[in-house]
Amino acid sequence: MSPSNPQRVLSGMRPTGQLHLGHLHGALKNWVKLQHEYKCFFFIADWHALTTEYDNTSNIATSVWDMVIDWLAVGINPGEASIFIQSRVPEHAELHLLLSMSTPLGWLERMPTYKDQQQKLKEKDLATYGFLGYPLLQSADILVYKATMVPVGEDQVAHVEMTREVARRFNHLYGQEADFEQKAKDAMRKMGKKNAKLYKELRKRYQEKGDGEALNTARVLVEEQQNIVLGDKKRLLGYLEGSSRTILPEPEALLTPISKLPGLDGQKMSKSYHNTIALREPPKEVEQKIRTMPTDPARIRRTDPGDPEKCPVWQYHQVYSTSETKDWVQAGCKAADIGCIDCKKPIIEAVLDELKPIQEKIARYQEDPEAVQAILNDGCEEAKDVAKETLEEVRQSMGLVYK
Ligand code: TRP
Ligand code: SF4
């Protein structure tokens with residue numbers, strides 16, 4: 001993590017069910033990489049799990065625990081990232097409530113996930129206040145850490161977009177001051193001639209052309225200023241985007257590259273399709289699952305030639321195999337020189353090799369719950385420190401200070 005970089009990354013997962021290879025090759029590897037580059041906050045969204053599981057809460061605690069251990073086992077490093085549980089930082093709830101006062105119902109009703117999920121989970125009654133508010137709780141999760149980058153999958157981008165609007169509205173409502181423009185210009189002068197000029201150019205590029213990179217560069221420039229008091233920094237950050245102080249910065253979605261590893265049947269790997277290999281999958285099951293994976297339907301008999309492009313096993317080779325092995329598959333499949341079971345052997349090996357160290361680490365953490373507890377305690381403390389500070393500022397700007 002570079003201390004001078006003001007970018008902050010935040011992401012969360014709902015503790016519903018076991019993590020699998022799709023998570024590993026999608027979100028988790030991305031997180032491991034990000035933690036080296038930025039200050040990262042990774043949390044388990046247990047309240048978000050409640051929005052759909054409120055009628056059966058008995059598994060949540062176990063899922064939370066397993067999830068923390070799995071994160072640690074795949075290399076999320078508590079020395080670099082803060083790992084914590086949402087409900088242990090009640091500031092999320094306070095900010096959610098405060099934001100709810102000014103968030104139009106329409107913003108929530110229009111979220112694509114709102115209707116989609118109700119459709120998908122027909123057996124559940126999701127016509128609840130909590131479920132409607134799901135994206136706003138997510139906004140609070142993000143804004144309470146003033147996160148600037150939020151790695152999410154495609155389906156969550158709309159939530160981050162809404163968070164930007166929530167932040168903008170908040171700043172507009174509570175970041176106004178009488179002579180803002182003059183104060184911003186005074187602050188600009190305090191940066192020195194050269195920096196002020198650069199700031200102005202970047203601001204112009206952002207405001208006239210919507211150049212997001214210019215905005216980021218300008219934000220870094222402002223954060224780097226050592227002779228400027230905090231209040232002026234907020235004005236300068238706000239002046240980049242509009243006419244009020246930035247109390248809550250607008251985050252950007254960082255689209256997670258889609259996992260190249262599909263499910264066993266070639267569709268997206270997902271619990272609801274029953275096509276997963278869990279991180280905790282016992283080796284025997286791994287072998288069994290891969291052996292019974294569907295292949296190119298044209299290969300009915302061993303002597304029928306096939307086409308790797310029509311086979312999910314080939315996609316696994318693309319993730320796991322060397323170019324030699326891949327050549328062997330291509331030639332052998334098309335000429336019916338190899339059988340599908342032969343073809344799957346290197347995949348079974350590769351997946352077992354990948355899972356072995358992960359499962360060993362899982363076992364080690366399971367044997368040492370105090371260590372896991374200590375990691376969580378530290379992570380929660382780190383998160384709380386930041387969240388507390390934001391709420392003080394939020395209450396202050398809203399006029400909710402009674403001393
Ligand atoms: N809604 C996210 C999901 O279902 C989980 C989540 C909750 C989240 N709060 C968040 C993700 C904040 C990113 C940032 O995947
Ligand atoms: Fe698929 Fe390999 Fe069988 Fe070809 S030989 S159909 S690539 S499993």
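If you're wondering where the values come from, they're calculated on a predicted model, not measured in any experiment. Numbering of ligands and ligand atoms starts at 1, following listing order.
Of the possible donor and acceptor atoms, one in the side chain of Ser11 sits under 3.5 Å from a partner among the backbone N and O of Pro151. For Arg235 (side chain) and Lys183 (main-chain N/O), no donor-acceptor pair under 3.5 Å exists by modelled atom type. Remark: side-chain polar atoms of Asp211 are not paired, donor with acceptor, to backbone N or O of Arg205 under 3.5 angstrom. Proximity of a side-chain donor or acceptor of Tyr199 to a complementary backbone N or O of Leu236 within less than 3.5 Å is detected.
Between Trp71 and Phe42, the angle of the ring planes goes over 60°, which puts this pair in the perpendicular group of the 30/60° scheme. Aromatic ring orientation, His25 versus Tyr320: perpendicular (interplanar angle above 60°, classes split at 30° and 60°).
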Could you go through ligand 1 and note, for every N or O atom, any protein N or O atom closer than 3.5 angstrom, writing the atom names and distance to 0.1 Å, or 'none'?
from: ligand 1; atom 1: 1 (N); to: Tyr134; atom 2: OH; distance (Å): 2.7
from: ligand 1; atom 1: 1 (N); to: Gln138; atom 2: OE1; distance (Å): 3.1
from: ligand 1; atom 1: 1 (N); to: Gln156; atom 2: OE1; distance (Å): 2.8
from: ligand 1; atom 1: 4 (O); to: Tyr134; atom 2: OH; distance (Å): 3.0
from: ligand 1; atom 1: 9 (N); to: Asp141; atom 2: OD2; distance (Å): 2.7

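Around atom 2 (Fe) of ligand 2, the protein atoms of type N, O or S found under 2.8 Å away are Cys343 SG, listed by chain and number.
Interatomic distance, CZ of Arg245 versus CG of Leu237, reported as 12.0 Å (0.5 Å rounding).
Tyr145 has its ring centre less than 6.0 Å from the ring centre of Phe84.
With no hydrogens or angles considered, a side-chain donor-acceptor pair links Thr322 and Thr325 at under 3.5 Å.
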